[in-house]
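Within every chain, numbering begins at 1; the chains are lettered A, B, ... in the order of the sequence lines, protein sequences first and strands thereafter. Bear in mind the structure is a predicted one, so any value in this text is a computation, not a measurement.
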Amino acid sequence: MTVTVWAIFFCAFWGYVLFKVDPAILYNQQWPVFLLDKDFFVSFLDTPGGLSQYAAAFASQFLYVPWAGGLAMTVLAVAISLAMQWAFTAIATKPMRPWIPLAPAVWMLVLLGRYHYVPAAGVAMFVSLAMVGAYARAGLGGQHYRILVFMVLSIPVYWLCGGYYVLFAGLCGIFELFGKHRFASGAVCLLCAIGLPGLYAIYSYEIGYPQAYLFWLPYHDLLFRADLWPNILRCSLHLLLPVWVLLTACWLSSDMLHGQIGRVAKLFAFKRKSQPQSTGIATDPLSPARSWTPGGLLAFMLSGTLAAFLTFNDGVKARLNFDLLARQRQWDTLLEEARQLPREYYDASVFRDVQKALHYTGRLPYDFFRHPDSQGISKLWAPYISPITLDLAQRAETFLDMGHVNRAEHLAHETLSIEGPRPQLLQTLARIHILKDNPAGAEVFLRLLAKSPMHRKQALAYLEELRNDPKMQADEIIRAIRPMINRQDILHGDYGNISYDEQMLQLLRSNGQNRMAFEYMMAYYMRYMKTRELIECMKYLPNYDYPEIPPLYAQAIASHQAKYPKESQSISGGRISEKTKQLAAAYQNDLAAYRTPRGIDMWAAREGLAQKYTGTFFYYRSFGSIAFATAIDQSGSVTGADK
Amino acid sequence: MRSRRTHILLLLLGSVIVASTVGYLRRSSRWIVTDPVLVDRTATISPDYTDTVVPPNIAPLNFVIDHPADRYCVKISAPAGQPVIISGREPEIRIPPDQWQAMLQANRGGEFYIDIFVEIENRWLQYKRITNRIANQDIDGYMVYRLLRPVYSMYRMDGLGFYQRNLSTFEESLILRNDSINGGCLNCHTFYKNSPDKMLFHFRSGQYGSGSVLCSDETTLKLDTSTKFNASSAIYTDWHPDGEAIAFSSNKIRQFLHTVGENRELFDFHSDILIYTLKSNTVTTSPKISDPDRLETYPVWSPDGKWLYFCSAPQLPVERYKDVKYDLMRIAYDLETDTWGELETVISAAETNLSVTQPRFSPDGRFLVFCMCERGNFSIYQPSSDLYVLDIQTGVHRRLDINSDQTESWHGFSSNGRWMVFSSKRRDGLFARPYFTYLDSEGRFHKPLVMPQKNPRYYDTCINTYNLPSFVTGPVRLNSRQLAATVISDQATKAKLDSKLKSAIIPKLP
């Protein structure tokens, strides 16, 4: 019965991860790095919990292939459940409910569904529970001997599990105190749980207290400062299981909690030879003392399903899926998804990807104002990669696409410094150095990428091609970027920041055909209402194949002309259409309708004009970024696929 | 139960035997070559350990044969002693350390040969013999360097540190990493006459401030050499030959970025040279080496302690960064009487149209090796940076033949003056690697060899850069904890400004 229940449960677990969570999204979110390399392995050895992280990095590689990724997470869940069974049947003094070993797997499903799960924490939990089981089952004799064995075990367990050592020592302490009624050894275990990680932090200088105790918590300073309470709640969710495990262990092994309070005094007896020396092992590991009842099974399955589905975070999934689409350069789908994205997830990163998608689908000069603006940092919980470096990596790729190779190199190297050799980053760096005519430099990154099991084949094939053609003309992305490369040197940095439009102008002066630089610059001018500069930049318009002046540019020009009628600007690229002029006049008329003795009632005008004018420059000019962000005109948007 | 244990033991034993057999068949020291056909060229090996001079106490020069083949066999031999034979199916050649060391020791001052055989479709080919020389003089036993990723402005909490490498083996150990000081920066380590017991390094940390750590034997001292005169503490330093004083530059350095070509550029807004005297804990200087109109940096003492050499350039606005070219200057100084001589220009940037940086003396004082690059003083960021040598006896300088078309910089001599290490980006133009070159008695620098690694493919995928490699005669014994404790300590020894200077100068920096 138990085996059947477990088999059904974990098949469902695998299906949930595969179809509901989507391992491809997890892979893209985590950017997991794992290299088949001795130095890479050694780099994990000098930190407590490093080996758990190494094992987790290995397991996370399977996320690259969705079914295998789902299976890897399932295997981890099975391992934790088995370890829980192994440990609890050893330390419990009363029969255990059959659903208890499966509870960590349900908790794992909840965290996976909220895209918070840290595989290293899972590995560390498995190891600590397994070691508790081994300790409890060792059948050790005298108290001093038990203390000695525990202390000796503490070193490898802390090394393997990092902060999860607290769970190991805590459970050992509970076992000694409540299960074996040995006060001294129990106290030593509990003191070690409290003190040993802290002592290591003091001794080593290499880790702080949060890292010593809480390495499994995906804690990030920046996110805590930006969004305190939601992050505290999220961290609490991670702490829930270890705390629950400790409490359950108390409950299962303590007479005190069974209502026999009088026996508490026994705990304080230093040595109780008359106490029955039960090993506490209730049953065989896979045969819990209490078996499933139909009602219990139904209740467990129902509550597990409800927990997994009710806590699932669709918003985060949509947001992460958005990142995945950007990585896969599926621009049309990305624009579709952008319209469905909950507003609170529409951060600066999304804005940049939408802008890129609009450019690649040819809609940037048409639909720029039809998507919300955002300059906010990502509020996604980022246990795997810092939001700052994620932002740098994204900007590096955009700069590279445009041809600003040095800017891309700078940002990509910053990311490399912080995040290490993430596969996607190595690909970007290889391209950067090929474009900088340094194939030898690119080869270093590609050879390193070839050590990543999931990228080995691709990297070796690319290396082979690179040796035959150091310019890599076969690479479509490189072929597109090479003619656009910036050739103009401007010093920046501590000397002074180089302005955004100057960066775009550099690209245009290097190659007037650089459409991406042109459209990004025009978008920038529109966004910051620099209409005079926009008009100046119209001289590049004839270099591209627009059938007429794109409407947003025309509106910006018309708007400028209306505001500064005395300025005479010669506009390259064509004339402002009658349609635009009529729209400008209509807008002015409609806006005038909201005039009050104290001026225009902006709130009322914004609401009233939204339906007709959202997405136009006129509307944006009147209401600024609020207008940008207010509404997504779903019916009016045209994607590249509709063109 | 006993039977089960026996089965497990037998299974383990069997696994060991199978693994050993497979290992033996894959790589062995058997001679497997039959009737080789001679090929009229040498094999390409990586790293390039051909026609070079090798230290007699260096770790095995493991290499990769860059030719696809079914099997490989390598014979490394020398006139005295037994040859070393390595054969197998893999092109990576890992030389047994004991046999290697025995061969080098038995053939000091002589030659050794590498014969490479490859088997392709059941036919053995023999490439032309590779010949290398073994020097008579040892290289220093250890090398200390900073290991980090190519840094712009951010680095990882554990991404930067000082390491030391035993050059006779492949053993690398940590001296101090920046995660021990909460992510600060560690740089510019200097040793007194290659001694691991006397060391100075600079640290910079948001939490613990900036300053130096002075290590002498088993003791460490957190030192703040900033004074009213110099806002920043010691950056580039050099120990006086008597060990009682340290010349240092106090620099206000800023980083800029280019949008084309090499990305990074460092520029000094201010820099002066000062002398720190250990006994009196005072900082002194002279207007001659801290001229407000000039940038003085990279001080180095002549081995007799009578001259202070340094680099100096006119102070120009940052917009004219391309025109900032440093002269090599020197000034006489008597440490006992604290008296300064007159400034002399040794190499004029106006004549070379290049900028001199990082001068370093050979221990016998005969040669001064320095970098010259297009501009500025931070040559590691400049592909134009090459190594030059000035013969102090003749006053003639020349570009070294050992340069490549990539950056060469951060060089230093071994204690016996026969070996020089330098950082070169010649492999890939991106990551600096430590190269050793032999300086013979006639002042010739021989073809450099990259520091050997146990894994001969190590540099192919290494994304760390080796910064400021320095030879030391033995291991640095101070451990990471002690050094970290010194950095994070609240108690820093504040250097005093020379009382003679206090009244004579106006503080230059806020």
Contact origin within [X] toward chain B - heavy atom pairs under 4.5 Å:
{"X": "A/D437", "result": "neither"}
{"X": "A/N438", "result": "side chain"}
{"X": "A/Q503", "result": "neither"}
{"X": "A/Y203", "result": "both"}

For [X], which atoms come within 4.5 Å of any heavy atom of chain A: side chain, backbone, both, or neither?
{"X": "B/Y458", "answer": "side chain"}
{"X": "B/I488", "answer": "side chain"}
{"X": "B/S480", "answer": "side chain"}

Can you confirm whether or not the ring centre of B/F267 sits under 6.0 Å from the ring centre of B/Y321? no
If you count heavy-atom pairs under 4.5 Å between each of [options] and chain B, which one has the most?
{"options": "A/E443, A/E409, A/R487", "result": "A/E409"}
{"options": "A/D39, A/D37, A/I485, A/V444", "result": "A/V444"}
{"options": "A/Q488, A/K38, A/E419", "result": "A/Q488"}

Polar side chain donor-acceptor pair, A/N406 to B/T259, under 3.5 angstrom: no
Scan side-chain atoms only and decide if B/T461 and A/K451 contain a donor-acceptor pair under the 3.5 Å cut-off. yes
Does the pair B/E408/B/K425 count as a salt bridge with the N-to-O cut at 4.0 Å? no
Between B/I463, B/N263, B/N455, which has the largest tally of heavy atom pairs under 4.5 Å with chain A? B/N263
Tell me which of these, B/G429, B/A484, B/S153, has more heavy-atom pairs under 4.5 Å with chain A than the rest. B/S153
Whether B/R264 engages the ring of B/Y152 as a cation-pi pair (distance to the six-membered ring centre under 6.0 angstrom, angle to the ring normal within 45°) should be assessed. yes
Is the A/F399 ring parallel, tilted or perpendicular to the A/H404 ring (thresholds 30°, 60°)? perpendicular
Would you say A/E414's side chain and A/L392's backbone share a donor-acceptor pair under 3.5 angstrom? no
What's the shortest heavy-atom distance between B/T486 and B/V213, and which atoms? CG2-CG1, 4.0 Å
